[in-house]
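Worksheet: the structure to be examined is printed underneath.
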Amino acid sequence: MNIGSKDCVLSFEVFPPRKNLPIESIYNTIDRLIDLKPESISVTYGAAGNDTSKRTFELAGQIKKHGVESVAHLISIGLSEDELTRKLKILKEKNVNKILALRGDIPKFSYEKGDFDHASDLIRSIKEKGDFYVMAAAYPEGHIDSHNLVEDIKNLRKKVDAGCDSLVTQLFFDNEDFYRFRDMCDLAGIDVPIQAGIMPVINKKQIEKMISLNGIKLPKKFLKIMKRYEDDKIAMRDCGIAYAVDQIVDLISSGVEGIHLYTMNNPYIAEKIHESIKNLIKL
């Protein structure tokens with residue numbers, strides 16, 4: 001890839017509204033994101049015991065109807081072969097051809113195990129059942145359940161060998177972690193496109209949740225910003241946007257193939273970031 005050739009694509013992620021809210025409550029957000037002409041918009045999927053697949057698939061179908069590629073998340077925990085076949089049929093009916101296949105977070109309560117122990121098992125089955133474009137998750141700092149990054153890269157290679165077409169990373173705040181991870185992927189023979197996952201942090205509670213769930217580390221630069229502005233809502237929001245833009249510009253300059261923005265259903269943040277980088281990406 002030629003550095004600076006504007007080959008980098010931009011995609012967004014949204015999550016379905018809570019079950020006590022009408023699905024239409026997110027339509028304005030999706031409309032504003034569609035106006036930014038992203039490469040795709042992905043829709044998350046609740047964990048076992050909180051299956052949001054009906055809303056996930058509905059939103060993915062609505063996005064596709066508006067002429068933007070959509071990606072439906074699908075998790076393996078608690079999923080049977082028959083249920084997978086049924087869900088894939090629904091996605092085909094909605095003209096949704098891209099799936100982000102995940103194991104999902106293991107619930108803290110008892111649940112039906114399902115037929116797929118790992119994301120790689122789910123990927124293989126999806127590929128066998130239809131002509132879907134399948135994406136998988138990657139972890140620049142290593143998955144929280146892995147002993148080390150080398151072990152995690154080996155597991156990632158299993159996903160690629162199972163038929164994964166591209167990867168999208170978990171959020172990270174130090175680009176050096178991503179570059180080290182990318183080099184390790186090269187050494188492991190992982191040659192599918194990798195999108196870098198970026199989340200603009202707009203409040204302290206948000207980042208504390210991410211750290212507890214995923215074990216993400218925060219650079220000194222970010223900690224200094226948060227310490228100074230954590231009690232100023234507007235300043236923290238603007239700092240979060242600025243930090244994300246700085247990350248993205250550096251990533252694009254270093255030849256990243258895609259930026260996947262975790263929008264947290266906040267179109268204002270996506271719009272501000274898009275305005276700052278629109279001349280650097282492929283539209």
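These numbers were taken from a predicted model, which means no experiment stands behind them.
- Using a 4.5 Å heavy-atom threshold, the side chains of R157 and K154 count as separate.
- Under a 4.0 Å N-O distance rule, the pair E58/R55 does not qualify as a salt bridge.
- Between the Q247 side chain and the I198 main chain, no donor and acceptor come within less than 3.5 Å of each other.
- Residue P219 comes nearest to D174 through the heavy atom pair CG-CB, 3.9 Å, listed as atom of the first residue, atom of the second, then distance.
- In this structure, the separation between CD1 on I202 and OH on Y268 is 11.0 Å, given to the nearest 0.5 Å.
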Inset, instruction - Would you check, one step at a time, whether the test side chain to side chain contact (heavy atoms under 4.5 Å, CB included) holds for M184 with V150? - result: CA-CA 8 Å; M184 291 178 71; V150 172; 3.9 Å; yes

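- With respect to K278 and E275, a salt bridge is recorded, a charged nitrogen being found less than 4.0 Å from a carboxylate O.
- Between K89 and E93 there is a salt bridge, since a side-chain N of the basic residue sits under 4.0 Å from a carboxylate O of the acidic one.
- Between the side chain of D152 and the main chain of H143, a donor-acceptor pair closer than 3.5 Å is present.
- Cluster annotation: V168 is not connected to V9 through the hydrophobic network of ILVMFWY side chains, with a link wherever side-chain heavy atoms come within less than 4.5 Å.
- Using a 4.5 Å heavy-atom threshold, the side chains of L74 and F57 count as touching.
- A distance of 9.0 Å separates OG in S76 from NE2 in H118, rounded to the nearest 0.5 Å.
- A donor-acceptor contact closer than 3.5 angstrom links the side chains of E81 and S125.
- Between K92 and D131 there is a salt bridge, since a side-chain N of the basic residue sits under 4.0 Å from a carboxylate O of the acidic one.
- The neighbour count for Y229 OH, taken as heavy atoms of other residues, nucleotides or ligands under 6.0 Å away, does not exceed 12.
- Annotation: K233, atom NZ; neighbour count of heavy atoms from other residues, nucleotides and ligands within 6.0 Å does not exceed 12.
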Inset, instruction - Would you check, one step at a time, whether the test side chain to side chain contact (heavy atoms under 4.5 Å, CB included) holds for I216 with E141? - result: CA-CA 7 Å; I216 299 164; E141 299 176 56; 3.4 Å; yes

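- Atom CD1 of I41 sits about 5.0 Å away from atom CG of L33, to the nearest 0.5 Å.
- Counting heavy atoms from C-beta outward, V71 and H260 have side chains that stay 4.5 Å or more apart.
- The main-chain N or O of G197 is found under 3.5 Å from a side-chain atom of T169 such that the two form a donor-acceptor pair.
- Using a 4.5 Å heavy-atom threshold, the side chains of D82 and R86 count as separate.
- Using modelled atom types, one side-chain atom of K64 and one backbone atom of N95 make a donor-acceptor pair closer than 3.5 Å.
- Between R124 and F116, the closest side-chain pair of non-hydrogen atoms is not below 4.5 Å.
- Atom CG of L261 sits about 11.0 Å away from atom CG of L171, to the nearest 0.5 Å.
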Inset, instruction - Just do the salt bridge (Lys or Arg N to Asp or Glu O under 4.0 Å) check on K127 and D165 with the steps written out, would you? - result: CA-CA 10 Å; K127 282 294 189 179; D165 295 291; 2.6 Å; yes

Inset, instruction - Before giving the answer on side chain to side chain donor-acceptor pair (under 3.5 Å), spell out for S53 and K87 the whole-Å C-alpha distance, their side-chain angles and the decisive distance to 0.1 Å. - result: CA-CA 8 Å; S53 60; K87 290 180 185 296; 2.9 Å; yes

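- Looking at heavy atoms from C-beta onward, L122 lies out of side-chain contact with R103 at the 4.5 angstrom threshold.
- Atom CG of residue L218 and atom CG of residue L223 lie 5.0 Å apart, to the nearest 0.5 angstrom.
- The shortest distance between side-chain heavy atoms of F181 and L156 falls below 4.5 Å.
- K282 has no carboxylate O lying under 4.0 Å from a charged side-chain N of E39, or vice versa, which leaves the two without a salt bridge.
- In this structure, the side chain of S146 does not engage the main chain of N148 through any donor-acceptor pair within 3.5 Å.
- When each of L251, I259, I277, I248 is tested with C8 by the rule side chain to side chain contact (heavy atoms under 4.5 Å, CB included), just one qualifies, namely I259.
- P200 and I269 make their closest contact through CG-CG2, 3.5 Å (heavy atoms, listed as atom of the first residue, atom of the second, distance).
- With S166 contributing its side chain and I194 its backbone, the two residues share no donor-acceptor pair below 3.5 Å.
- With respect to R180 and D183, no salt bridge is recorded, no charged nitrogen being found less than 4.0 Å from a carboxylate O.
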Inset, instruction - Start with the C-alpha distance between I273 and I241, add both sets of side-chain angles, then the distance that settles side chain to side chain contact (heavy atoms under 4.5 Å, CB included), and finish with yes or no. - result: CA-CA 7 Å; I273 291 176; I241 291 171; 3.9 Å; yes

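- The closest side-chain heavy-atom distance from Y45 to L102 is not below 4.5 Å.
- Rounded to the nearest 0.5 angstrom, D231 CG and R228 CZ are separated by 12.0 Å.
- Under the ring-ring contact (aromatic ring centres under 6.0 Å, His included) rule, F172 has a single partner from Y139, F178, Y262, which is F178.
- For the residue pair A60 and V43, the shortest heavy atom distance occurs at N-CG2, 4.0 Å.
- Heavy atoms only, all atoms of each residue included: L91 and A72 are closest at CD2-CB, 3.8 Å.
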